[in-house]
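Residue numbers start from 1 in every chain, and the chains themselves are labelled A, B, ... in the order their sequence lines are given, proteins ahead of strands.
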Amino acid sequence: MTRAAPVIEVHGLWTQYGEHVVHRDLDLSVQSGEVVSLVGGSGSGKTTLMRQMLGLESPARGSVNVFGIPLHGSPADTLKKIRRRWGVLFQEGALYSALSVFDNIALPLRELRVFEEGFIHDMVMLKLDMVDIERRHATKMPADLSGGMVKRIALARALALEPELVFLDEPTAGLDPDRSESFVRLIQALHEQLRLTVVMVTHDLDTLVSLSDRIAVLAEQRVIVCGSLAEVVRIEHPFIRNFFLGERGVRALAAARAELGVRELWSS
Amino acid sequence: MVREPGAAYIVNPTGVRACDNFEIACFGEKGEGRGSKFGLCAAPFRPYLALTPIGAHLDDNITYWIYGTPETNRTSDLPLRRGLLYPLSYRGTSDNFTPFMPESRPSLILEPDLKLSVAADGSQSVELTGAWDIRALESRAVSLKRRLAEHARASLARWDLTQVQRLDHAGALLIWRAWSKRRPQALRLNPAQEMFFANLAGSGALARPAWRPDPLAPVRALGRAVLSALGHFLAVAQLFGQMLIDSAALARHPSRAPWREISAAVYRTGAQALGITAAVGFLIGIVLSFLSSEQLKTFGANVFIVNILGIGIIREMGPMICAVLVAGRSGSAITAQLGVMRVTEELDALRVMGIPYTVRLILPKVLALALTMPLLILWTSAVALIGGAISAKLQLDIGMTSFFTALPAAVPTVNLWLGIGKGVVFGALIALVACHFGLRIKPNTESLGAGTTSSVVTSITAVILADAVFAVLFNDVGIALQ
């Protein structure tokens, strides 16, 4: 209805490795400022879809546009600009193991070759504050950090260039419930503070319920539904039934019922 | 704020997001109205469907002005973002409410700028305008920093940031640093900008340990190097011993020996190395023969080419070429493989299953290399001799048949055994050194690279040292001219 261009638009996407089709004619769009979660069974191509959105894989057919620019076939200069406007949190953090925490976060800022070292230092400290990491950890190497800290620092690195769009691959996987909850709160707070658009792959129902504006369910090689939690659970599909309405799902939904009520109110 | 009849404004423009509650004021010809609280909604334009300002109607076909931000570039038409004005026309009724973008949308995002203005009462204020975000600063950081500093020095001025269209942490930090990390006494901020400076105010500095020159640094470094070399030597010996102890149990139960791993390692380090060793051996044979025959021709001692090549290649060159190639080829592979297994905790997994990795991983490699090296040496020496014979035929006109019939007489058989013996020792050494460095790799990429390099360098050095020991021990064996 509106002509507002989505931040991400995936249209008619096919991903294929030889005979193996991962995505068949997949469509998805992400609007500015919203948090979209990708869910699906193992091997349903969630992470591959995210890699497509990042331009790490190339589609067999179809197109992926980010900020309105096609990721394939655009000049390298344009793509470089896009890449500075997004931040990515990889599942294992993907911190550069040869660099200290400080240098990991400083790297994208130094790459711009604009800012002096004092500015970069302050910026890194600020980002560390934003993700709640004490500064005494700044000189440590990634190998000496716990999983939760690696995630936080990777998030700080992803936020280093003030991105408008952030990709999170399993943000809470491998964290204990307490840490994962505080990580979710952190992402929530940052999302509210910085007005980020967030695309997230997750298996964790609690994370899903508490963060997502919309949920895209991947099954049968495409997005079978993309909508609010209330809309998604109404769809009759074996995966959705098992995932959301299984024992775990019901528990997570019950916990979120109060919030869900509010959402339903607004969306109607 | 621009106020025009027939225009709608979001009253608190900064930080507006589709999902936020916000307030819209409409100043229409028929009066002024406010709508607010549009709540959580999926589409950014949804709020306006609900907007029915007092005194104005949606079907009045009026132009609404909406506070929002055009995206950093032309890629998005979403108007409802952080604080900038640009016009949008909404036409139609509430049922069919399509936002209409004027063709020539004025680009109102301004470049970051600052100026000193003097008010009527003589008070000065520094006004910042435009977009102060990282993408705007990227190309202008240096000049803006200089200008900010100039203005900051005249500290009496008040600072006005309310006209800044966009701000992020990078922009705020640039300004903050110009203020010497203190809030100026007179400062005007939008509420949404407050957050950035609040974040900055809480931020401090990282204490780095001071660097002191150490006059004894070279001595210390030397000492550390010697100790580390000793440590490596001991660790390799220990690894060898551990492997022997662990394999002793296998002697009683040969069926439990890792035969499959051994055979796989033999294939990988032996069969797959045949090509490269042959190619290198052949070329070295040709070159050696060519250079020697040039010299021998001068003395008319053509026939001695057989002795030179025979002793040189079988006793020395063959084993050395082979060892260098295998150290580079298989040694590095072993180090990298064990290193990655260590990083991925596969070694720990083996250990908790009660499978000693010395038996499962190291023994097969040491055995395989001790077995394949002598065979590879025979192969390399043979190919090198063929290369030498071809060159001798072309250079000195010594026929292939006479070359190979003269060979047994010129080279005592003990040299062949010496070559094979060297092979066993070199192979085991390369495998042990490679395993040793593989097991010491730390879980980071740099360590993997450094470990592989030191593995290859150390095993080649170790092989050359061992070769020297062989030369001293067997100095009177098999080289007497007959």
Side-chain angles (χ1 to χ4, degrees), chain A residues 1-7 31-34 65-69 78 81-82 84-85 96-99 102 109 112-116 118-119 121-130 135-136 138-139 141-143 159-164 192-195 213-214 227-228 262-263 265-267, chain B residues 15-20 38-46 71-82 96-101 133-135 137-142 145 168-171 173-174 176-177 181 195 199-200 202-209 442-447 449:
Chain A
M1 198 183 83
T2 67
R3 292 200 202 160
V7 174
Q31 302 293 334
S32 173
E34 67 177 352
N65 291 11
V66 178
F67 300 118
I69 291 167
T78 317
K81 281 191 189 130
I82 291 186
R84 287 190 185 161
R85 293 174 61 189
Y96 304 116
S97 56
L99 299 181
F102 181 93
L109 290 162
L112 292 179
R113 295 180 200 286
V114 177
F115 301 114
E116 16 130 31
F119 180 93
H121 170 270
D122 289 354
M123 199 72 181
V124 171
M125 290 303 120
L126 180 68
K127 300 289 166 184
L128 283 177
D129 283 349
M130 284 166 71
R135 17 204 79 140
R136 65 191 164 87
T139 46
M141 300 304 280
L159 297 175
L161 291 186
E162 312 276 346
E164 296 149 62
E192 267 154 35
Q193 266 190 11
L194 308 175
R195 321 275 162 198
D213 291 328
R214 284 197 303 148
S228 70
V262 176
R263 274 168 201 251
L265 197 77
W266 284 116
S267 62
Chain B
V16 168
R17 189 169 66 115
C19 297
D20 283 335
F38 301 99
L40 294 154
C41 52
F45 287 98
R46 203 104 157 244
E71 289 288 312
T72 332
N73 58 24
R74 66 208 175 285
T75 59
S76 171
D77 294 323
L78 293 184
L80 284 185
R81 299 207 45 205
R82 279 155 279 172
N96 179 22
F97 192 62
T98 313
F100 165 71
M101 294 284 179
D133 64 2
I134 195 164
R135 268 159 282 281
L137 295 178
E138 226 176 273
S139 47
R140 309 179 184 87
V142 179
K145 187 188 149 217
D168 63 8
H169 281 110
L173 181 58
L174 201 72
W176 185 251
R177 285 172 63 85
K181 305 191 181 179
M195 173 195 87
N199 283 349
L200 282 166
S203 179
L206 168 71
R208 279 181 196 263
K442 292 184 196 73
N444 65 62
T445 46
E446 202 175 26
S447 170

### Message
I'd like to check the salt bridge (Lys or Arg N to Asp or Glu O under 4.0 Å) partners of A:Glu116; sequence neighbours left out, ordered by chain and number.
### Response
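For A:Glu116 the salt bridge (Lys or Arg N to Asp or Glu O under 4.0 Å) partners, ignoring immediate neighbours, are B:Lys145, B:Arg177.
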
### Task
Name all residues meeting the side-chain hydrogen bond (donor to acceptor under 3.5 Å, both in side chains) criterion together with A:Ser97; count only those two or more places apart in sequence or in a different chain, and write none if there are none.
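With sequence neighbours excluded, A:Ser97 shows a side-chain hydrogen bond (donor to acceptor under 3.5 Å, both in side chains) to B:Thr445, given in chain and number order.
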
### Task
Pick whichever of A:Lys81, A:Met123, A:Arg113 has the most heavy-atom pairs under 4.5 Å with chain B.
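Highest number of pairs under 4.5 Å: A:Met123.
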
### Query
What residue in A:Pro142, A:Ala98, A:Ala143, A:Ala160 has the most heavy-atom pairs under 4.5 Å with chain B?
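Among the listed options, the one with the most contacts to chain B is A:Ala98.
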
Segment of [X] engaging chain B (4.5 angstrom heavy-atom cut-off):
{"X": "A:Leu161", "answer": "both"}
{"X": "A:Arg84", "answer": "both"}
{"X": "A:Met130", "answer": "side chain"}
{"X": "A:Leu128", "answer": "neither"}

### Task
Over all heavy atoms of both residues, which pair between B:Ile134 and B:Ala170 is shortest? Give the atoms and the distance, please.
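Shortest heavy-atom separation between B:Ile134 and B:Ala170 comes out as CB-CB, 3.8 Å.
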
### Task
Can you establish whether the number of heavy atoms outside A:Phe119 located under 6.0 Å from its atom CZ is more than 12?
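Yes.
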
### Query
Any salt bridge between B:Arg135 and B:Asp168, counting N to O under 4.0 Å?
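No, no charged N to carboxylate O under 4.0 Å.
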
